[in-house]
Amino acid sequence: MRILIVHTYYKQHGGEDAVVQNEMALLQNDGHEVELIDFSNASATLLKVLLMPFNPYSYFTMLKKIKSFKPDIVHVHNLHYAATPSVLYAAKKMQVPIVMTIHNYRLLCPSGSLFFKNKLFLKSLDESFPWSAVREGVYQQSKVITFWLAISNYLHRKIGTWSLANAMIFLGEHSEKIFEQSGLIHSNTRTFLKPNFTNQKKSAAANSAGEYYLFIGRLSEEKGIKTLLKAFEHRPEMLKIAGTGPLRDFVSEAGTHFVNVEYLDHLSKTEIEEMIVGSKALIFPSEWYETFGMVMIEAFSLAKPVIAADLGNIPSIVKDQVNGLTFSPGNVLELQRKLHEFENMDSQAKQNLAAGALFSYHQYYVPEVNLKQLIHIYSDTLASKNT
């Protein structure tokens, strides 16, 4: 099968970028011909923002690529904002079926995350045009850019651009439900659930009891960092935090004031693996509607349970008392109770959670399972196009 991947890279490397690289390698190793047409938001930012509704450069670049590569299918990941929906029209013109992976909520709200001012922002889901988002400047705290993004999405929704997608892939049931209720998914667009995956780690068998709790991720409000630090403020257990982001200084300062908190800054992939292996459990306290959290399945692959907020797609990944523990998002006291519960488990109970984590990984998040799902989606999309 000949597969053309379309992706726009953000200015800072993120989880979506990793997913694209992982899926490309997975398909290539299975013998498929895969090429990437990539765009970037790193330069000429203002011009690309102005061309957000339709970028002619992206359109003609896409046409040229399709003519030379002659793909059987186009798989779109991130359109925002350099690629723009123009690439969908190029694929449609060349009569190549389109699969889109929905990594965020950008098509429904300019915020992209349904999170603003340290809380969930769901007003756009109830408005035909997201005026509330515009008034509050939910995108980069700019009413002007938020309005322009809202206009672009509104126009494309009105003219049926998103119906050009033959199939949409969702990473969890919760995000799929939100999109279904929004009315954005066209009746002719097929929907599929397919989580992300991670490769088996060499250290998977080295399941030590662990000496500390671990957070790895972007240091920002929506990730629940402040809730996490409050929960550990008066506890004896050690917490280690790795990552960068807007709250980096806040976390770094907490590390100097709390004897049980250590800030590790940015870590390499190898260092992350080592830190997970040495941990008691990973904590994932996110307070927005996560579509997926790669670090959770990284922990599972190393037989480490996850203590996670019960929100968004997370409950489809972390099952309480099966492969980890769950708590209400933003609830400091409940997180503390879960920490107390975990600390007081006997060794057998902890081993059961570790075994559940590794079992979940092998059942849902190994490359082999993901490859079968991906090929099924492509084959189904091609078959439906030809009927």
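Aromatic pair Y365/F197: centroids not less than 6.0 angstrom apart.
Side chain of K319 to backbone of P315: a donor-acceptor contact under 3.5 angstrom is found.
The closest side-chain donor-acceptor pair between S113 and E222, if any, does not fall under 3.5 angstrom. Judged by distance alone, the side chains of N323 and S360 do bring a donor and an acceptor atom under 3.5 Å apart. Defined by atom type and a distance below 3.5 Å, a donor-acceptor pair is present between the side-chain atoms of Q321 and E341. At a cut-off of 3.5 Å, with distance as the only test, a side-chain donor of H75 or T101 sits close to an acceptor on the other residue. Side-chain atoms of N313 and S175 include a donor-acceptor pair closer than 3.5 Å. A donor-acceptor contact closer than 3.5 angstrom links the side chains of H32 and D30. Side chains of H7 and D17: a donor on one and an acceptor on the other come within 3.5 Å.
The residues K65 and E35 are annotated as salt-bridged, a charged nitrogen and a carboxylate oxygen being separated by less than 4.0 angstrom. Residues R248 and E253 are not paired through a salt bridge, judged by the lack of any N-O separation under 4.0 Å between the basic side chain and the carboxylate. The existence of a salt bridge linking E298 and K269 is excluded, since no basic side-chain nitrogen approaches an acidic carboxylate oxygen closer than 4.0 Å.
The closest side-chain heavy-atom distance from I377 to V99 is below 4.5 Å.
Atoms CH2 and NE2, on W162 and H186 in that order, are 14.0 Å from each other to the nearest 0.5 Å.
Judged by the 6.0 Å and 45° rule, K338 forms no cation-pi pair with F327. In this structure, K240 fails the cation-pi test against Y213, since its NZ or CZ atom is not both closer than 6.0 Å to the six-membered ring centre and inside 45 degrees of the ring normal. A cation-pi arrangement is absent between K280 and F342, since the terminal nitrogen or guanidinium carbon is not both under 6.0 Å from the aromatic centre and inside a 45° cone about the axis.
A perpendicular orientation is assigned to the rings of Y154 and F129, their planes being inclined by more than 60° (bins at 30° and 60°). Using the six-membered ring where Trp is involved, Y89 and F54 have ring planes that are tilted, between 30° and 60° apart.
Within 6.0 Å of OH on Y212 lie more than 12 heavy atoms contributed by other residues, nucleotides or ligands.
Looking at V74, V96, L88 one by one, the single match for side chain to side chain contact (heavy atoms under 4.5 Å, CB included) with M62 turns out to be V74.
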